[in-house]
Student: 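Pasting in a structure now, in structure tokens, and then I'll have a few things to ask.
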Amino acid sequence: MNLAKRLLLGSLVLVCLLVAAIVALSGSRLERRLVQETTAELTREARLIGLSWKAAASADALADSAGKALQRRVTLINSLGVVLGDSHFNGEELQHLENHSTRPEVVAARSTGAGVGQRRSASAGDDELYVAIRHPLGFVRVSISTAIVRDIVSGARRDVLVAGLIAVIGSLLLAYLFSRSVTRPVVELRDVARAIAAGDLDRRPSISAPGEIGDLATALHRMSDQLATRLHALEADDALMSALLESINEGVVAVSGRGSVVRLNESARELLGVRNPVPFPADRLPQEPAVRAALRNAMSGTPTELREMVFNARTLALTARPLPDGGAVLALLDLTTRRRLETMRRDFVANVSHELKTPLTVIGGFGETLLDEDITPDQRRQFVGTIQANVVRMQRIVDDLLDLARYESGGWTPNPVSVDVTAAASEVLALVQREAARRSLELCVMIAAGAERPTADPTALRQILQNLVENAVRYTSAGSVTVFAQRRDNGTVVGVRDTGIGIPREHLPRIFERFYRVDAGRSREVGGTGLGLAIVKHLAEAHGGSVRATSTVGAGSEIAVFFPDR
């Protein structure tokens, strides 16, 4: 039931109760008042009649004349209770009336001088109000039928009921108008409050009224503004926090005191392999013992200092901190790249040391041998040639290391222009012409239509082709080495194809690492430094391109570099 109906029903019940109370109270009080007034009037009339009652006068005639004049029943009674005159009875009827000495009003009048009684008259046959006064000759009694009083009271009650009905109708009309004036703004305020509770903070009450309703509307308007301001501030803070969490490489997992994951950034999802939308129970996190132990300790108030663990082939640094509400925050840092770089650094130092140690040992050994005066000139020339070859090898290693360091550090920036790939290929092939002839290799250049002039740094392109061609000649004992160029949709592919020994499939992903060798003994034997393909990869990536290798063992290899158009 809405407010308007409750107001109308309440008003109706209240007015009806008030009307009933007024009717009941006014009837009873009016009846008592009428009885009092009538009793006083009857007393006065009785005294007045008593002044006219003389011993010599006829009591019955006096009763008849007084009763007729006053429109009352007048009864004159002697001191013994015998009725001497009655305005309602004459002659023989008086003789048959009962003795009135025991009547209440007569008994009271005998003792106090005046008495009142109200009862049903046995002689008259109706309810009457009696007033009797003591007289020297007996008692003067005047009575009136109570039906008159009842008629007056009933009429008054009818009038009150009619007035009450009018009041009910008027009050209902006023209550209806009042309820509409009250409930309409209250209903609007309710709808606005519900909209605000549902998240519509742009909703505002349109009420402009004096009094409490207007004050409530103003307060709700201000509350909406404050809520909107605070919510926007919270949303901005949350967006900033989310942006900060998502921008860091460290994985962050926030767990509430109830054991639910309430925040999880993308780094943590990737590191832990979790895709559940938050919030979700912490039991759905990976069942890694280190993660479980850190979370359990943090939830109990004990922080976990930095510790490393291996999860999903990744090396992770894990820390955990308790929150004031009993929750915990886990932080995960991926150390895989750092550890791999550290391993590569150690391997690089070891490889460089090993690569330089061999020619240095050879140079040192032959240098000591040259100090021997007994060696022949031919042996001396041979030893000097060996020393010179190893010096050249060391020089190439140092030069390649310097080039690679320059490329990796960003100290070199390519200057891409349109380059004649045929001319570059011819220059490079000329450098290996003697070695290719010694191995009976066919050197070829195959340039597809549209691929004659790729966009690349001329020096870098020649260095790429030189490294690839030298590798191809070095590992090809028969067949051919071909420099090719092909056009792609958004660039040009330049590469070298050979018919050499090929590269096993398991080694292909690592051939572009520094000093990585498929067959270390054979590589050193043929004079490779192990840095050529690493240099090729860095030069290709510096152009915004890429490098790929395909090979079949015993059938040959193909390494191609993609140069995008500028």
Side-chain angles (χ1 to χ4, degrees), residues 346-406 426-443 459 462-481 483 496 498-504 507 511 513-536 553-554 556-557 559:
R346 288 193 298 267
D347 293 343
F348 175 73
V349 173
N351 288 328
V352 169
S353 301
H354 185 72
E355 293 292 336
L356 294 178
K357 181 179 179 181
T358 300
L360 284 173
T361 302
V362 172
I363 292 171
F366 282 99
E368 291 179 359
T369 304
L370 288 175
L371 296 176
D372 189 353
E373 296 179 355
D374 294 334
I375 61 174
T376 64
D378 292 336
Q379 290 177 326
R380 191 179 296 276
R381 282 192 298 272
Q382 181 183 355
F383 294 163
V384 171
T386 303
I387 291 174
Q388 185 178 6
N390 280 276
V391 170
V392 171
R393 181 182 175 189
M394 289 177 60
Q395 184 63 47
R396 290 190 60 186
I397 292 175
V398 172
D399 290 342
D400 286 348
L401 285 173
L402 291 175
D403 289 341
L404 188 59
R406 186 159 55 96
S426 299
E427 292 178 9
V428 170
L429 292 177
L431 298 176
V432 297
Q433 185 68 44
R434 180 178 298 178
E435 181 65 21
R438 189 180 68 82
R439 295 170 177 264
S440 299
L441 298 178
E442 181 182 2
L443 302 178
T459 303
R462 288 181 177 84
Q463 188 171 4
I464 289 172
L465 290 177
Q466 182 177 347
N467 287 337
L468 295 180
V469 168
E470 287 179 352
N471 275 349
V473 171
R474 191 176 296 121
Y475 295 101
T476 303
S477 57
S480 62
V481 173
V483 177
V496 175
D498 63 56
T499 58
I501 60 176
I503 304 171
H507 293 284
I511 62 173
E513 296 180 9
R514 294 169 295 183
F515 294 113
Y516 185 80
R517 300 177 187 273
V518 177
D519 185 347
R522 178 177 174 83
S523 297
R524 294 189 180 94
E525 179 182 346
V526 297
T529 64
L531 298 172
L533 291 181
I535 292 174
V536 169
V553 176
S557 304
I559 299 178

Student: Checking side-chain contact (heavy atoms from CB on, under 4.5 Å) between V473 and each of L429, L468, L441, which is the one that passes?
Tutor: L441
Student: With rounding to the nearest 0.5 Å, note down the distance linking CD1 in I363 to CD in Q388.
Tutor: 10.5 Å
Student: For Q466, what residues pass the side-chain hydrogen bond (donor to acceptor under 3.5 Å, both in side chains) criterion, not counting sequence neighbours?
Tutor: E470
Student: What distance separates L533 CG from I464 CD1, expressed to the nearest 0.5 Å?
Tutor: 11.0 Å
Student: Sequence neighbours left out, what passes side-chain hydrogen bond (donor to acceptor under 3.5 Å, both in side chains) with R434? Give chain and number order.
Tutor: none
Student: Can you list the residues that meet the salt bridge (Lys or Arg N to Asp or Glu O under 4.0 Å) rule with E435, with sequence neighbours excluded?
Tutor: R438, R439
Student: What's the spacing between T386 OG1 and Q382 CD if we round to 0.5 Å?
Tutor: 5.5 Å
Student: Indicate the atoms forming the closest heavy-atom contact of V481 with A472, along with that distance.
Tutor: CG1-CB, 3.7 Å
Student: V483 versus L465: any side-chain heavy-atom pair under 4.5 Å?
Tutor: yes
Student: Can you name the side-chain hydrogen bond (donor to acceptor under 3.5 Å, both in side chains) partners of Q433, sequence neighbours left out?
Tutor: none
Student: Do you know which two heavy atoms are closest between G502 and S557, and how far apart they sit?
Tutor: CA-OG, 3.5 Å
Student: Under the rule for side chain to side chain contact (heavy atoms under 4.5 Å, CB included), what residues qualify as partners of Q379, not counting sequence neighbours?
Tutor: I375, T376, F383
Student: Taking the side chain as everything from C-beta on, heavy atoms only, tell me whether I559 gets closer than 4.5 Å to N471.
Tutor: no
Student: Rounded at 0.5 Å granularity, tell me how far CG in N467 sits from CD1 in I535.
Tutor: 5.5 Å
Student: Could I get the full list of side chain to side chain contact (heavy atoms under 4.5 Å, CB included) partners for V553, not counting sequence neighbours?
Tutor: P504
Student: Report the residues that fulfil side chain to side chain contact (heavy atoms under 4.5 Å, CB included) with T361, sequence neighbours left out, ordered by chain and then residue number.
Tutor: K357
Student: Rounded to the nearest 0.5 Å, what separates atom CG in D498 from atom CZ in R474?
Tutor: 12.0 Å
